[in-house]
Enquirer: 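Right, I'll just put the structure down here and ask away after.
In what follows, chains are A, B, ... by sequence order, proteins preceding strands, each numbered from 1. From a predicted model like this one, the values you see are computed outputs, not experimental measurements.
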Amino acid sequence: MLKIYNTFNKQKEEFQPINPEKVGMYVCGMTVYDYCHIGHARVLVMFDVITRHLRRHFTQVEYVRNITDIDDKIIKRAVKNKEDIYSLTNRFIDAMHEDELALGILPPDIEPRATGAIDQIFYMIESLIEKDIAYQCKNGDIYYSVRKFKNYGKLSGKNLDELEAGIRIEVETSKQDPLDFVLWKMAKPNEPSWQSPWGNGRPGWHIECSAMSCTHLGKHFDIHGGGIDLAFPHHENEIAQSEGANNSTFANIWMHVGFVNINNEKMSKSLNNFFTIRGVLENYNGETIRYFIMSSHYRSPLNFSNENLDNAKASLTRLYTAIRGLSASKAATTEVSQRFDYEERLTAALDDDFNTPIALSLLFELAKVVNVERKKDIDLANALGQLLKKLGSHIGILQTNADEFLKQGVSLSNIQIDNKIKQRNKARKNKNFCTTPWLTERHGYDPTKAGIVLEDGISATTWRRK
RNA sequence: GGCCGGAUAGCAAAGCGGUUAUGCAGGGGCCUGCAAAGCCUUACAGACCAGUUCGACUCUGGUUCCGGCCUCCA
């Protein structure tokens, strides 16, 4: 039984899809005016884990993740770069897809763009105006009248009067209420714009998600997700727009991924303390970053540091070391996976609001069994190794070749290393330890300087990166 | 100021009203020419103060500290 924490009700709830055959999930994606940072990576990775797990339970899962490719920051950046907005956004969309590939993230089923949803946005705004929930200001902008939606603030636990009390004084005074938010903005000269029934302009930020989720998943769907910072006002506004326009419940479950922190403080573009995914990829591979993200629960804060990434790397090294050199088993893997209940327990861990730390701990338990069986029953070890890889596949790790993982990032070529090892083993055979190249640290060991660790096996010497 | 979270061993991070989380690092041992890897074993927890309970890291109340949202943000 899958349980998911629902931000809306502040508790874990049993997940019952509206249509038992098909689960619909909408996740707020990126605004593409810059490279994705590690905070974005966390949302991308976690919803990838969530989607993978949902697919194991339900025959059909429709995962929609949008791209915001029109907004103030994009326009500003395009002007600064003297670049067309589409050339800018396409560049960063491509970069995002590259980053996702490196992190082992499967593409969403549908990746709609705001600029591709203009007609649906018109339709929704029109419907809100008809119902007198939205209005046009003197300057032509269309606003949503927050006081007309009785449940406003329910998701984020805000109260309209309290919000009103703490509001900042705005320059814009044509709004009926300072809390009203924009649905359609009139274009300023030289800004990208679309012709609308209300004049030339562009959509406000919140309306696109209401329009796109409705188009692809319908008025009422199962899961809506995003980063926790989107809960207010973005998701609150989405609920107001969608439920106001459609007279229907919007999403059943709201899922929010916690922040990535730097020195226990939020990482964000606004604070300018962020690390881009591609920047981190220069020092750590994508799987290590993915492991680091999965090593804490998705709702907890996650502190970004090299130490934590090193931990993740060491953990993955242990898992890959366990499966290294194992081959396909003669023993029936299904029979073995029934005899050992790791897959069942992994499923149970993920069923409990996607508890990835528990899921990972199970991989280590299994790795230990593999290591023990290796010396006793190699065929069983092979089968368990297969099982370990299979469990890894459920959360998107352990799918590269173990040797490849354990040897990557070393500057010497395989031939150079093999030659050194041959020389060394010749000397070892003659017990000529002290004059041998590449001995141990205490004998003037130098492979570590090349980032290499040697391992003298019974039949051969192997190596891996340090 | 209003509304939310959090505080777990050297580091990271979970579950759980009583029983080993897990990974890295540490101690002892096995294995090894020396190592590495692996295995066995071991130490080190639950911010603070009360309360509930036969029993609390786990529940309740309070205190302190930290973070987030209330404005664009994943």
Enquirer: Between B/rG2, B/rA74, B/rA14, which nucleotide gets closest to the side-chain atoms of A/His297?
Expert: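 Ranking B/rG2, B/rA74, B/rA14 by closest atom to the A/His297 side chain puts B/rA14 first.
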Enquirer: Under 4.0 Å, heavy atoms only, any strand: does A/Asn355 hit a base, just the sugar-phosphate, or nothing?
Expert: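 Contact class for A/Asn355: sugar-phosphate only.
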Enquirer: Measure from CG on A/Leu230 to C1' on B/rC69 and round the result to the nearest Å.
Expert: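 Distance check: A/Leu230 CG to B/rC69 C1' gives 12 Å.
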Enquirer: If I pick the P atom on B/rA35 and the same atom on B/rU41, what distance separates them, to the nearest angstrom?
Expert: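 That atom pair is separated by 23 Å.
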Enquirer: Nearest to the side chain of A/Pro233, which nucleotide is it out of B/rA13, B/rG15, B/rC72?
Expert: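 Nearest to the side chain of A/Pro233 among the choices is B/rC72.
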Enquirer: Counting Watson-Crick and G-U wobble pairs only, both distances under 3.5 Å, name the nucleotide matched with B/rG33, or none.
Expert: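 The answer is none; no pair meets the criterion.
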Enquirer: Starting at CG of A/Asn273 and ending at C1' of B/rG68, how long is that distance when rounded to a whole Å?
Expert: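 For the pair A/Asn273 CG and B/rG68 C1', the rounded distance is 14 Å.
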Enquirer: Quote, to the nearest angstrom, the P distance that separates B/rC30 from B/rC48.
Expert: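 Roughly 40 Å separates the two P atoms.
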Enquirer: Over all strands shown, is A/Glu307 touching base, sugar-phosphate only, or nothing at heavy-atom distances under 4.0 angstrom?
Expert: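 Sugar-phosphate contact only - A/Glu307 comes under 4.0 Å of backbone atoms but never of a base.
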Enquirer: Of the options B/rA36, B/rU22, B/rA35, whose atoms approach the side-chain atoms of A/Phe364 most closely?
Expert: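 Selected nucleotide: B/rU22.
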Enquirer: If you look at every strand shown and take non-hydrogen atoms under 4.0 Å, does A/Val260 touch a base, only sugar-phosphate, or nothing?
Expert: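 The residue A/Val260 makes base contact.
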Enquirer: Taking any heavy-atom pair under 4.0 Å as a contact, classify A/Ser296: base, sugar-phosphate, or nothing.
Expert: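 Sugar-phosphate, no base atom in range.
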Enquirer: Atom CZ of A/Phe232 to atom C1' of B/rG2: distance rounded to whole Å?
Expert: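 Between C1' of B/rG2 and CZ of A/Phe232: 12 Å.
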Enquirer: Choosing from B/rG2, B/rA74, B/rC69, which nucleotide comes nearest the side chain of A/Lys266?
Expert: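 Of the options given, the side chain of A/Lys266 lies nearest B/rC69.
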Enquirer: Let's test this: given Watson-Crick or G-U wobble pairing with both distances under 3.5 Å, identify the partner of B/rG15.
Expert: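 WC or wobble partner does not exist here.
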Enquirer: Could you tell me how far apart A/Asn371 (CG) and B/rG38 (P) are, to the nearest whole angstrom?
Expert: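 The answer, rounded to whole Å, is 6 Å.
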Enquirer: Would you mind telling me which of B/rA36, B/rC3, B/rA74 lies closest to the side-chain atoms of A/Glu162?
Expert: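 Minimum distance to the A/Glu162 side chain belongs to B/rC3.
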Enquirer: Quiz question: by atom type and distance under 3.5 Å, do the side chains of A/His53 and A/Asp351 form a donor-acceptor pair?
Expert: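 Indeed, the side chains of A/His53 and A/Asp351 share at least one donor-acceptor pair under 3.5 Å.
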Enquirer: To the side chain of A/Lys158, which of B/rA74, B/rA21, B/rC69 is closest?
Expert: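 Looking only at side-chain atoms, A/Lys158 lies closest to B/rC69.
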Enquirer: Does any donor-acceptor pair link the side chain of A/Arg318 with the base of B/rG23 at a separation under 3.5 Å?
Expert: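 When only heavy-atom distances are counted, A/Arg318 does not reach the base of B/rG23 through any donor-acceptor pair under 3.5 Å.
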Enquirer: Give me the distance, rounded to whole Å, that separates B/rC24 from B/rC39 when you measure between the P atoms they each carry.
Expert: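 Here B/rC24 and B/rC39 have their P atoms 9 Å from each other.
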Enquirer: Say we look at B/rG62 and B/rG2: how far apart would their P atoms be, to the nearest angstrom?
Expert: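 Per the computed distance, 15 Å lies between those P atoms.
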Enquirer: When the distance from CZ of A/Arg77 to C1' of B/rC72 is rounded to whole Å, what number comes out?
Expert: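 Going from CZ in A/Arg77 over to C1' in B/rC72 covers 14 Å.
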Enquirer: Indicate, yes or no, whether a donor-acceptor pair under 3.5 Å links the base of B/rC39 to the side chain of A/Lys368.
Expert: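 There is none.
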Enquirer: Tell me the partner of B/rA9, counting only Watson-Crick (N1-N3 plus N6-O4 or O6-N4) or G-U wobble (N1-O2 and O6-N3) with both under 3.5 Å; none if nothing fits.
Expert: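 WC or wobble partner does not exist here.
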Enquirer: Between A/Tyr5 and A/Tyr33, who's closer to the 5' end of RNA chain B by nearest nucleotide?
Expert: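 Here A/Tyr5 is the residue nearer the 5' end.
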Enquirer: Taking any strand in view, what nucleotide pairs with B/rC59 in a Watson-Crick or G-U wobble way, both distances under 3.5 Å?
Expert: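 B/rG51 - that is the nucleotide pairing with B/rC59, both distances being under 3.5 Å.
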Enquirer: For A/Cys28 and A/His224, what are the C-alpha separation, side-chain angles and deciding distance, and is it a side-chain contact (heavy atoms from CB on, under 4.5 Å)?
Expert: CA-CA 8 Å; A/Cys28 293; A/His224 192 131; 3.6 Å; yes
Enquirer: Under 4.0 Å, counting only non-hydrogen atoms across every strand here, what does A/Gly457 touch: a base, just sugar-phosphate, or nothing?
Expert: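 No contact.
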Enquirer: What interatomic distance, in whole Å, is found between C1' of B/rA47 and the corresponding atom of B/rA43?
Expert: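 To the nearest whole Å, 23 Å.
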Enquirer: By nearest atom, which of the nucleotides B/rG23, B/rA74, B/rC11 is closest to the A/Asn308 side chain?
Expert: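 Given the options B/rG23, B/rA74, B/rC11, the side chain of A/Asn308 is closest to B/rC11.
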Enquirer: Distance check, P atoms only: B/rC72 and B/rC65, in whole angstrom units.
Expert: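 Roughly 31 Å separates the two P atoms.
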Enquirer: Considering only the P atoms, how many Å lie between B/rU71 and B/rC3, rounded to the nearest integer?
Expert: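 Roughly 16 Å separates the two P atoms.
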Enquirer: If you assign A/Met267 and A/Asp352 each to the RNA chain B nucleotide with the nearest heavy atom, which residue ends up on the more 5' nucleotide?
Expert: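 Looking at the nearest nucleotide for each, A/Asp352 comes out on the 5' side.
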Enquirer: Across all strands shown, which nucleotide pairs with B/rU20 by Watson-Crick or G-U wobble geometry, both distances under 3.5 Å?
Expert: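 The answer is none; no pair meets the criterion.
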Enquirer: OP1 or OP2 of B/rC31 sitting under 4.0 Å from any side-chain N/O of A/Lys375?
Expert: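 Indeed not, no polar side-chain atom of A/Lys375 lies that close.
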Enquirer: Using a heavy-atom cut-off of under 4.0 Å over every strand shown, decide if A/Arg464 touches base, sugar-phosphate, or nothing.
Expert: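 The answer is sugar-phosphate, as A/Arg464 gets under 4.0 Å only of primed atoms, P, OP1 or OP2.
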Enquirer: Given that both distances must come in under 3.5 Å, which nucleotide forms a Watson-Crick or G-U wobble pair with B/rA25?
Expert: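 B/rA25 is paired with nothing.
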Enquirer: Tell me which nucleotide among B/rA35, B/rA13, B/rC24 gets nearest to the side chain of A/Asn311.
Expert: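 Within the option list, the nearest is B/rC24.
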Enquirer: Under the 3.5 angstrom rule, does the side chain of A/Ser193 hit a backbone N or O of A/Arg202 as a donor-acceptor pair?
Expert: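 Not a single qualifying donor-acceptor pair exists.
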Enquirer: Going by atom types only, do A/Asp403 and A/Tyr320 share a side-chain donor-acceptor pair under 3.5 Å?
Expert: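 Judged by distance alone, the side chains do not pair up.
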Enquirer: May I have the distance from A/Phe275 (atom CZ) to B/rA74 (atom P), rounded to whole angstrom?
Expert: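 After rounding, the gap between these two atoms is 18 Å.
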Enquirer: Which nucleotide, in any strand shown, forms a Watson-Crick or G-U wobble pair with B/rC69, with both distances under 3.5 Å?
Expert: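 In the structure as shown, B/rC69 has B/rG2 as its Watson-Crick or wobble partner.
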Enquirer: Looking at A/Phe47, I'd like to know if the NZ or CZ of A/Arg65 sits under 6.0 Å from its six-membered ring centre while staying within 45 degrees of the ring's axis.
Expert: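 Geometry flag: not set, cation outside 6.0 Å or 45°.
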Enquirer: Does any N or O donor sit under 3.5 Å from an N or O acceptor when you compare the side chain of A/Lys73 with the base of B/rC72?
Expert: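 Between B/rC72 and A/Lys73, which were checked side chain against base, a qualifying N/O pair under 3.5 Å is present.
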Enquirer: Taking the same atom, C1', in B/rC11 and in B/rC69, what whole-Å distance lies between them?
Expert: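 The answer is 30 Å between these two C1' atoms.
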Enquirer: Would you confirm whether the ring centroid of A/Phe92 sits within less than 6.0 angstrom of the ring centroid of A/Tyr35?
Expert: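 Distance test on ring centres: under 6.0 Å, yes.
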Enquirer: Would you say the side chain of A/Leu217 lies within less than 4.5 Å of the side chain of A/Glu62, judging by non-hydrogen atoms?
Expert: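 In contact.
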Enquirer: Find the distance A/Leu271:CG to B/rG68:P and express it as a whole number of Å.
Expert: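 Result: 8 Å.
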Enquirer: If I take atom CD1 in residue A/Ile397 and atom P in nucleotide B/rG23, what distance separates them, rounded to the nearest angstrom?
Expert: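 Spelled out: CD1 on A/Ile397 to P on B/rG23 is 14 Å.
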Enquirer: Could you please spell out the steps behind the side-chain hydrogen bond (donor to acceptor under 3.5 Å, both in side chains) verdict for A/Glu265 and A/Asn273?
Expert: CA-CA 9 Å; A/Glu265 202 182 33; A/Asn273 63 347; 4.5 Å; no
Enquirer: Centroid separation under 6.0 Å, is that true for the rings of A/Tyr63 and A/Tyr26?
Expert: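 That pair fails the under 6.0 Å test.
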Enquirer: Tell me whether the OP1 or OP2 atom of B/rA14 has a side-chain N or O from A/Ser300 closer than 4.0 Å.
Expert: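 Result: yes.
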